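These notes concern the structure reproduced below.
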Amino acid sequence: MADFEKISEMLQKGKAKDVEALVKEAVDSGTAPGDILDKGLIAGMSVIGEKFKKNEVYVPEVLIAARAMNAGMKILEPVLAESGVKPLGKVAVGTVKNDLHDIGKNLVCMMLKGAGFEVMDLGIDVAPEKFLEAAKNGAQVVGLSALLTTTMPQMKAVIDALKEAGVDAKVMIGGAPVTQAYAEEIGASGYAPDAASAVDEAKKLIGAA
Ligand code: B1M
């Protein structure tokens with residue numbers, strides 16, 4: 001029987017090597033990969049997400065936990081692909097055009113992956129056409145990050161591009177200067193103030209909350 005608690009605990013402590021070894025052990029012992037993901041890795045990352053929301057842990061701890069998550073995922077991903085476990089949904093995330101800030105965006109990607117989403121990381125300085133393309137390629141949620149007041153209007157440009165093309169994807173926005181009021185003003189489907197809330201919001205937007 002795999003020790004899910006231990007996987008979760010080591011992930012929260014950011015012990016990448018231990019997580020990798022425990023996941024390998026669990027896979028080798030024939031544990032269902034979906035269980036290793038849900039009860040071990042995702043369970044651990046959820047605890048980190050909740051603590052991050054409450055300011056009980058900070059960005060460095062989240063990054064270290066995410067690195068441990070990635071170490072486990074490296075072992076688990078091929079097994080999951082073979083076993084046909086479906087991701088929760090597909091989200092494309094990027095920092096908007098003319099904006100080069102990516103620390104928050106990376107955290108959002110890690111948390112979404114940690115929650116079981118398939119994440120297309122579009123990078124920084126992403127033009128509206130690239131977000132549109134991602135939505136056409138199956139992203140149910142398009143996630144936009146902006147850190148500059150001068151680049152926030154790019155979020156509206158993405159929403160307009162999606163509308164014009166008649167593509168029905170939800171748009172979730174976030175970033176230090178972004179607010180719920182701004183999301184409402186530009187017609188975004190959702191807003192999240194931090195990376196852990198981005199998971200809740202994405203789940204809500206695809207009807208999985
Ligand atoms: Co820049 N910068 N910066 N910068 N920078 C800010 C944003 C600024 C507030 C600093 C300041 O003046 N006090 C200011 C913006 C002012 C404004 O517009 N109101 C600023 C400026 C002016 C600039 C330049 C213009 C400076 C210059 O060159 N004169 C320039 C612009 C470059 C460009 O983008 N074109 C610039 C450059 C840079 C660096 C390259 C040096 C570096 C970025 C490095 C990198 O990202 N790889 C940088 C940094 C590090 C910052 C600060 C210090 C920190 C940003 C950060 O990473 N925070 C920032 C000051 C600050 O915010 N205190 C500042 C940590 C991160 C975890 O938080 O990104 O907010 P954040 O993400 C959070 C939430 O917002 C949310 O979740 C995350 C985790 O909880 N979130 C989402 C983010 N995206 C989300 C998406 C979602 C949901 C939630 O859904 C999709």
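Counting starts at 1 for both ligands and their atoms, in listed order. Please read all numbers here as calculations on a predicted model, not as lab measurements.
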Would you say the side-chain atoms of Gln12 and Ser8 include a donor-acceptor pair closer than 3.5 Å?
yes

Between Thr151 and ligand 1, which part of the residue brings a heavy atom under 4.0 Å of the ligand: side chain, backbone, both or neither?
neither

In chain order, what residues pass the side-chain contact (heavy atoms from CB on, under 4.5 Å) check against Lys113, with sequence neighbours excluded?
Val119

Could you find the nearest protein heavy atom to atom 85 (C) of ligand 1 and give me its residue, atom name and distance?
Gly174 C, 3.5 Å

To the nearest 0.5 angstrom, please state how far the CZ atom of Phe4 sits from the OG1 atom of Thr31.
5.5 Å

Besides Leu147, the hydrophobic cluster formed by Ile, Leu, Val, Met, Phe, Trp and Tyr side chains linked at under 4.5 Å, directly or via other members, contains none

Test item: protein heavy atom less than 4.0 Å from atom 54 (C) of ligand 1
no

Does atom 27 (C) of ligand 1 have a protein non-hydrogen atom under 4.0 Å from it?
no

Close N or O approach (Val93, ligand 1; < 3.5 Å)
no

Do Met111 and Met45 come close enough that some side-chain heavy atom pair is under 4.5 Å?
yes

What residue and heavy atom of the protein are closest to atom 67 (C) of ligand 1, and at what distance?
Leu107 CD1, 3.6 Å

Spacing of NZ belonging to Lys136 relative to CG belonging to Leu132, to within rounding of 0.5 Å
4.5 Å

Heavy atom of Ala196, distance to ligand 1 below 4.0 Å:
no

Can you check which of Leu100, Leu112, Ile124 brings a heavy atom nearest to atom 33 (C) of ligand 1?
Leu100

Looking only at protein heavy atoms, identify the closest one to atom 65 (C) of ligand 1 and say how far it is in Å.
Ile103 CG2, 4.4 Å

Shortest protein contact, atom 74 (C) of ligand 1 (heavy atom only):
Pro193 O, 3.5 Å

Distance check, rounded to the nearest 0.5 Å: Asp160 atom CG versus Gln154 atom CD?
10.5 Å

Does the protein place a non-hydrogen atom closer than 4.0 angstrom to atom 24 (C) of ligand 1?
no

Is_contact(atom 61 (C) of ligand 1), protein non-hydrogen, under 4.0 Å:
no

For Asp99, which part has a heavy atom under 4.0 Å from ligand 1: side chain, backbone, both, or neither?
both

If you scan the protein for heavy atoms around atom 51 (C) of ligand 1, do you find one that is closer than 4.0 Å?
yes

With sequence neighbours excluded, tell me which residues meet side-chain contact (heavy atoms from CB on, under 4.5 Å) with Glu61.
Val57, Tyr58

Can you report which non-hydrogen protein atom sits closest to atom 84 (N) of ligand 1, along with the distance?
Ser145 OG, 2.7 Å

Hydrophobic cluster identity match, Leu112 and Phe131, side-chain contacts under 4.5 Å
no

Any idea which part of Thr149 is under 4.0 Å from ligand 1, heavy-atom wise: side chain, backbone, both or neither?
both

May I ask you to identify, for Tyr191, whether its side chain, its backbone, both or neither come under 4.0 Å of ligand 1 on a heavy-atom basis?
neither

Could you identify the single nearest non-hydrogen protein atom to atom 47 (N) of ligand 1 and state the distance to 0.1 Å?
Asp102 OD1, 2.7 Å

Any atoms of ligand 1 less than 4.0 Å from a non-hydrogen atom of Gly143? List them with their elements.
91 (C)

For atom 72 (O) of ligand 1, is the nearest protein heavy atom closer than 4.0 Å?
yes

What I want to find out is whether Lys105 reaches Asp121 closely enough, with some N-O distance under 4.0 Å, to be called a salt bridge.
yes

Assigning hydrophobic clusters by single linkage (Ile, Leu, Val, Met, Phe, Trp, Tyr; side-chain heavy-atom cutoff under 4.5 Å), is Ile159 placed with Leu148?
no

Partner of Met10 under side chain to side chain contact (heavy atoms under 4.5 Å, CB included), picked from Asp18, Asp3, Val23, is Asp18

Should Leu80 and Met110 be counted in the same cluster of Ile, Leu, Val, Met, Phe, Trp and Tyr side chains packed under 4.5 Å apart?
yes

Atom 35 (N) of ligand 1 [closest protein heavy-atom partner, distance rounded to 0.1 Å]
Asn98 O, 3.0 Å

If two hydrophobic side chains count as joined below 4.5 Å and joins carry through other members, does Val142 share a cluster with Met152?
yes

The test is salt bridge (charged side-chain N to carboxylate O under 4.0 Å, His left out); show your working for Glu50 and Lys54 and say whether it passes.
CA-CA 6 Å; Glu50 285 308 312; Lys54 293 186 209 149; 5.2 Å; no

Checking salt bridge (charged side-chain N to carboxylate O under 4.0 Å, His left out) for the pair Glu20/Lys17: CA distance, chi angles, key distance, verdict?
CA-CA 5 Å; Glu20 187 177 337; Lys17 285 216 169 90; over 6 Å; no

Quick one: CG on Leu76 to CD1 on Ile7, what's the gap to the nearest 0.5 Å?
8.5 Å

Option set Ala146, Ala176, Gly104, criterion heavy-atom distance to atom 75 (O) of ligand 1, minimum:
Ala176

Closer than 4.0 Å and a protein heavy atom, does any atom meet both conditions relative to atom 11 (C) of ligand 1?
no

Any donor-acceptor N or O pair under 3.5 Å, side chains Asp200, Ser197
no

Does only the side chain of Leu144 get under 4.0 Å from ligand 1, or the backbone, or both, or neither? Count heavy atoms.
backbone

Check for me: within less than 2.8 Å of atom 1 (Co) of ligand 1, which protein N/O/S atoms show up?
His101 NE2

Drop me the distance from Leu41's CG to Leu22's CG, to the nearest 0.5 angstrom.
10.0 Å

For atom 2 (N) of ligand 1, is the nearest protein heavy atom closer than 4.0 Å?
yes

Tell me which protein heavy atom sits closest to atom 89 (C) of ligand 1, plus the residue, atom name and distance to 0.1 Å.
Ala192 O, 3.2 Å

Does the residue Gly175 have a heavy-atom contact with ligand 1, meaning some pair of atoms that are separated by less than 4.0 Å?
yes

